[in-house]
Amino acid sequence: MSATFTTASGADVRVRFCPSPTGTPHVGLIRTALFNWAYAKHTGGKLIFRIEDTDAARDSEESYEQLLDGLDWLGITWDEGEGVGGPNAPYRQSQRHDIYVGIIERLKQTGLLYESFATGEEIEARNLANGRDPKQGYDNFERELSDEQKAAYRAEGREPALRLRVPDTELSFDDLVRGEITFPAGSFTDFVVVRPNGIPLYTFVNPVDDALMGITHVLRGEDLLSSTPRQIALYHALIEIGVADVIPRFGHLPYVMGDGNKKLSKRDPSANLFHHRDRGFIREGLVNYLALLGWSLTHDRDVFSIDEMVAAFDVADVNPNPARFDLKKAESINGDHIRLLDPEDFEARLIPYLSEYVSTPPTPAQKAILREAGPLVQERMQLLGDAPSLLGFLFTPDDEITFDDDALPGADAAIVLDAAIATLGQLNAWSHDELERVLRESLVDGAGLKPRVAFGPLRTAISGKRISPPLFESMVILGKESTLARLERLRKIL
RNA sequence: GGCCCCAUCGUAUAGCGGCCUAGUACGCUGCCCUCUCACGGCGGUAACACCGGUUCGAAUCCGGUUGGGGUCACCA
């Protein structure tokens with residue numbers, strides 16, 4: 001027999017993002033936040049931001065601040081919750097203890113919660129003795145403990161945890177991304193919701209707060225899929241005592257995988273949201289890539305704006321397969337978004353990544369260089385963090401340029417440099433076209449060199465590198481004096 | 001082990017019974033452009049896990065097998 005229950009429908013969408021503030025923000029967690037946010041935006045619903053800080057040992061204020069930082073960076077905002085307030089405050093579970101105590105009391109009175117004294121070892125031993133798999137979990141053994149038995153336990157100095165009585169029926173629900181899922185009777189057992197010290201567990205406070213806050217759609221990670229029947233069982237209990245009136249819809253988002261076949265580990269640098277920001281992902285690029293982890297806009301486009309995502313996003317379209325975090329693809333998408341930036345915007349975003357060369361705010365001279373150099377590199381970068389190696393030479397004094405080993409030409413380049421110095425020394429119209437014209441004339445046409453042989457040493461002289469922004473444009477930015485000084489400096493070294 | 005989820009090129013995905021000799025993107029790769037590197041353009045590489053059904057017709061529906069993952073805490 002299948003249990004029947006009411007699900008939320010028709011009403012305005014209310015979704016939530018409810019992280020525990022432990023550690024630095026994980027991209028999988030942020031992806032979950034993004035999907036909830038996008039779904040709220042798409043449906044015109046509300047996103048509630050709640051802090052699940054019921055684990056004092058692991059929770060930290062620093063972690064909470066990082067969460068805010070990360071969400072703010074990506075532009076994920078919420079309509080109700082910690083930081084902005086709302087009718088269901090407080091939004092930190094550590095401040096909601098009194099609310100929980102009242103509900104626990106009512107649940108106890110109705111017999112939906114019962115006292116459990118058994119230790120893990122006792123449960124396992126009993127499973128073994130009864131021929132059950134020791135890993136099978138709790139056996140609902142204490143459902144009908146007599147007062148005498150309870151007193152005996154207390155006489156031993158034991159204090160009871162509280163378990164929820166789950167229905168002895170199968171339980172199914174219609175997952176928004178996976179369709180109908182059924183758990184057979186007996187595959188989920190009575191579980192602890194309150195510790196002996198009276199502090200409720202996540203398994204209790206999460207559904208309780210969802211109910212109290214009127215959450216209609218629970219979009220969360222696949223790791224919570226197996227606990228859904230227990231949550232639904234708790235919802236039944238909450239409905240029975242009038243705390244909830246409907247059961248929300250559930251949608252379990254696919255895992256974000258790392259290399260191999262395991263979840264992207266917290267220890268993997270790729271898991272850390274800020275690692276990507278530090279390397280120069282822009283928010284448009286990272287959001288786009290994160291959205292692609294389990295979702296797609298259309299069959300032939302994977303670069304899109306956040307607005308386009310919001311306009312099209314529906315949980316029902318989320319793919320149930322686990323998604324691998326592919327840094328190469330992410331960087332490529334980011335590069336596309338960098339190219340999409342307005343030049344001034346791009347310039348402004350570059351500055352923090354050039355801190356070793358450019359002061360904040362930049363001096364007028366630095367600003368002028370950035371203005372001219374920005375367009376030269378905007379299409380050459382996948383990450384803003386590429387900027388220092390590409391642009392550093394423009395901010396470095398002529399006599400402090402260091403030459404990369406792989407960029408150093410052979411002694412035969414001396415002829416090239418001599419010719420270039422002679423030619424440029426006489427050039428007065430210091431423009432891109434003139435520079436190219438006279439240098440080609442003297443080196444390529446005159447000396448009969450291949451362009452790459454002719455210009456390679458010049459590139460090294462002015463940038464110190466084998467790879468640089470376009471040569472003539474760079475010379476224009478540096479100016480005649482600086483260009484000649486650099487050419488002469490390399491000439492002397494050879 | 002019980003239960004649950006998942007299964008299309010190396011990766012992410014499109015596909016929701018005929019439009020599929022399976023599309024797109026990243027990656028890799030050939031050519032073009034070219035002062036380097038990029039960008040851009042034109043090609044190439046490469047996949048429906050397997051076995052049964054249902055059907056006139058299956059990547060698409062059903063069952064099984066195999067493989068992978070998750071979960072069975074007085075963590076969240």
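Letters A, B, ... mirror the listed sequences (proteins, then strands); counts begin at 1. Bear in mind the structure is a predicted one, so any value in this text is a computation, not a measurement.
In this structure, of B/U36, B/C5, B/A76, it is B/U36 that holds the atom nearest to the side chain of A/P470. When the nucleotides B/C4, B/A12, B/C26 are ranked by their closest atom to the side chain of A/R324, B/A12 comes out on top. Comparing atom distances between the A/N321 side chain and each of B/U8, B/A38, B/A76 picks out B/U8 as nearest. Side chain of A/R178, nearest nucleotide from B/C6, B/U71, B/A14: B/C6. Distance from the side chain of A/R163 is smallest to B/C74 among B/C74, B/A76, B/C6. Among the nucleotides B/G70, B/A76, B/U36, the one closest to the side chain of A/L224 is B/A76. Which of B/A76, B/C26, B/C39 sits closest to the side chain of A/D326 comes down to B/C26. The side chain of A/P196 lies closest to B/C74, out of B/C5, B/C74, B/U13. Looking at the side chain of A/K329, the nearest of the listed nucleotides B/G23, B/A25, B/A76 is B/A25. With B/U13, B/A76, B/C37 as the candidates, the nucleotide lying closest to the side chain of A/D55 is B/A76.
Among the protein residues, A/K135 comes within range of the nucleic acid bases, having at least one heavy atom under 4.0 Å from a base atom. A/P254 comes within contact range of no nucleotide atom at all, as no heavy-atom separation falls under 4.0 Å. Backbone-only contact: A/G294 has heavy atoms under 4.0 Å from sugar-phosphate atoms and none from a base. Within the 4.0 angstrom heavy-atom criterion, no nucleotide atom of any strand lies near A/G456. Residue contacts shown for A/E473 include a base, since a base heavy atom lies under 4.0 Å away. Within 4.0 Å (heavy atoms only), A/T189 reaches no atom of the nucleic acid at all. At the heavy-atom level, A/A291 lies nowhere under 4.0 Å from the strands shown. Looking at heavy-atom distances under 4.0 Å, A/L471 makes contact with a base. Looking at heavy-atom distances under 4.0 Å, A/T182 makes contact with sugar-phosphate atoms alone, never a base.
A cation-pi contact links A/R31 to A/F35, judged by a cut-off of 6.0 Å to the six-membered ring centre and 45° from its axis. Geometric assessment of A/R92 against the ring of A/Y64 yields a positive cation-pi assignment under the 6.0 Å and 45° thresholds.
Of the possible donor and acceptor atoms, none in the side chain of A/S468 sits under 3.5 Å from a partner among the backbone N and O of A/K465. For the pair A/Y235 (side chain) and A/A211 (backbone), a donor-acceptor distance under 3.5 Å is present.
Atoms CG (A/L327) and P (B/C26) sit 16 Å apart, rounded to a whole Å. Atom CD1 of A/I333 and atom P of B/A25 are 11 Å apart (whole Å). Residue A/F250 contributes atom CZ, which lies 16 Å from atom C1' of B/C5 at whole-angstrom precision. To the nearest angstrom, C1' of B/A73 lies 12 Å from CD of A/E121. Atom pair A/F191:CZ and B/C75:P shows a separation of 14 Å (rounding to whole Å applied). Protein atom CZ of A/R459 is 12 Å distant from nucleotide atom P of B/A38, rounded to whole Å. To the nearest angstrom, P of B/C6 lies 15 Å from CG of A/D223. Note: CZ (A/R230) to P (B/C4) measures 14 Å, nearest angstrom.
Under the Watson-Crick or G-U wobble criterion, with both distances below 3.5 Å, B/U36 has no partner in any strand shown. With both pairing distances under 3.5 Å, B/G2 is matched to B/U71 as a Watson-Crick or G-U wobble pair. As the counterpart of B/A59, no nucleotide is assigned, since no Watson-Crick or G-U wobble pattern has both distances under 3.5 Å. Here B/C31 sits opposite B/G41 as a Watson-Crick or G-U wobble pair (both hydrogen-bonding atom distances under 3.5 Å). Judged by Watson-Crick or G-U wobble contacts below 3.5 Å, the nucleotide B/A12 has B/U24 as its partner. Here B/A49 sits opposite B/U65 as a Watson-Crick or G-U wobble pair (both hydrogen-bonding atom distances under 3.5 Å). Across every strand in view, B/C19 sits unpaired, with no contact that passes the Watson-Crick or G-U test at under 3.5 angstrom.
Take the nearest nucleotide of RNA chain B for A/R301 and for A/V194: the residue whose nucleotide is more 5' is A/R301. Between A/Y255 and A/R466, the residue whose closest nucleotide on RNA chain B is further toward the 5' end is A/R466.
Distance check on atom C1': B/C19 versus B/G43 gives 25 Å, rounded to whole Å. Rounded to whole Å, the separation between the C1' atoms of B/U13 and B/G27 comes to 14 Å. For the P atom pair drawn from B/G44 and B/A25, the interatomic distance equals 12 Å after rounding to whole Å. Taking atom P on both nucleotides, B/C9 is separated from B/C4 by 26 Å, rounded to a whole Å. One P atom belongs to B/A12, the other to B/A7, and the distance between them is 12 Å to the nearest Å. Taking atom C1' on both B/A49 and B/G10, the two are 16 Å apart, rounded to the nearest angstrom. Nucleotides B/U24 and B/A47, compared at atom P, are 15 Å apart to the nearest Å. One C1' atom belongs to B/U54, the other to B/U60, and the distance between them is 13 Å to the nearest Å.
Residue A/S468 places none of its side-chain N or O atoms closer than 4.0 Å to OP1 or OP2 of B/C37. Residue A/R195 places at least one side-chain N or O closer than 4.0 Å to OP1 or OP2 of B/C75. Under 4.0 angstrom from either OP1 or OP2 of B/G2 there lies no side-chain N or O belonging to A/S187. In terms of phosphate contacts, A/N319 brings a side-chain nitrogen or oxygen within less than 4.0 Å of OP1 or OP2 of B/A14.
The environment of A/I415 atom CD1 is sparse: at most 12 non-hydrogen atoms of other residues, nucleotides or ligands sit within 6.0 angstrom. In the displayed structure, A/Y202 atom OH is contacted under 6.0 Å by more than 12 heavy atoms of other residues, nucleotides or ligands.
Between the side chain of A/R380 and the base of B/C39, no donor-acceptor pair of N or O atoms lies under 3.5 Å.
Counting only N and O atoms by type, the side chains of A/H26 and A/N272 include no donor and acceptor under 3.5 Å apart. Between the side chains of A/R486 and A/T460, no donor-acceptor pair is found at a separation under 3.5 Å. For the residue pair A/D59 and A/T22, no side-chain donor N or O sits within less than 3.5 Å of a side-chain acceptor on the partner.
Partner A/Y114 forms a side chain to side chain contact (heavy atoms under 4.5 Å, CB included) with one of A/K108, A/K150, A/R165 and no other, that one being A/R165.
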